[in-house]
Amino acid sequence: MSQTIVLNDSEIEGDIILPGDLCLFGKISGNIIAKGKVEVKSGAVVTGNISCGELEIEGLVEGNVETCFLIIEENAVLKGDVQAGKLLVRAVKYDIKRLRLVRK
C-alpha cells in the first residue's frame with residue numbers, strides 16, 4: 001500500500017522523490033518524482049519538472065510533465081512540455097508548447 005505525503009503551506013527548495021503519492025498545497029522549487037499520484041491543489045505552485053504515475057493540477061506548474069494520466073483542472077495553469085498516456089483538460093489557461101501522447 002502506497003503512502004500519501006501531504007504538504008500544507010510548505011515552501012520547499014530541492015527535489016522530492018517519493019515511492020507513493022503527494023498532495024501539495026504549498027510551494028516547491030525543484031523536481032518531483034513519484035511512483036503514485038501527485039495532486040497540485042489550488043494555490044499550490046511547482047517550479048520544476050514532474051514525473052509520476054498520475055498528475056492532477058489545480059494550481060500552477062511551471063515545468064515539464066511526464067505521466068501516465070494527466071488531469072488539468074478548470075483553474076489550473078500549466079507552462080511546459082507534456083508527455084502523457086492519457087489527458088483530460090478542464091482548464092481554460094494552459095501553455096503547452098509540446099504535447100506528446102504515448103502508450104504506457
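What you are looking at is a predicted structure, and each value in this text was computed from that prediction instead of being measured.
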Show your reasoning for whether side chain to side chain contact (heavy atoms under 4.5 Å, CB included) applies to I71 and E54.
CA-CA 8 Å; I71 303 167; E54 181 178 338; 4.0 Å; yes
Drop me the distance from [X]'s [atom1] to [Y]'s [atom2], to the nearest 0.5 angstrom.
X: E39; Y: K37; atom1: CD; atom2: NZ; result: 4.5 Å
X: I57; Y: L70; atom1: CD1; atom2: CG; result: 5.0 Å
X: I72; Y: L87; atom1: CD1; atom2: CG; result: 5.5 Å
X: K79; Y: L60; atom1: NZ; atom2: CG; result: 6.5 Å

Carefully, step by step, assess I32 and L22 under the rule side chain to side chain contact (heavy atoms under 4.5 Å, CB included).
CA-CA 9 Å; I32 299 172; L22 173 66; 4.0 Å; yes
Within the structure provided, determine whether [X] and [Y] are in side-chain contact (heavy-atom separation under 4.5 Å).
X: K41; Y: C23; value: yes
X: N75; Y: E73; value: no
X: L55; Y: V40; value: yes
X: Q83; Y: V102; value: yes

Are L88 and V82 joined in one hydrophobic group, where the rule is that I, L, V, M, F, W and Y side chains link up if heavy atoms are under 4.5 Å apart?
no
Applying side chain to side chain contact (heavy atoms under 4.5 Å, CB included), run through L78 and V65 and close with a yes or a no.
CA-CA 9 Å; L78 172 58; V65 168; 4.0 Å; yes
Test item: S42 side-chain N/O and E58 main-chain N/O as donor-acceptor pair under 3.5 Å
no
Smallest heavy-atom separation, G20 atom then A34 atom, equals O-CB, 3.6 Å
Residue from V38, I33, I28 passing side-chain contact (heavy atoms from CB on, under 4.5 Å) with I16
I28
Taking atom NZ as the centre, does K27 end up with more than 12 heavy-atom neighbours from other residues, nucleotides or ligands that are less than 6.0 angstrom away?
no
Under 3.5 Å donor-acceptor pairs involving side-chain atoms of residues 43-52, not counting sequence neighbours:
unit_1 : atom_1 : unit_2 : atom_2 : d
N49    : OD1    : N64    : N      : 2.8

So, R90 and E74, do they make that salt bridge, N to O below 4.0 Å?
no
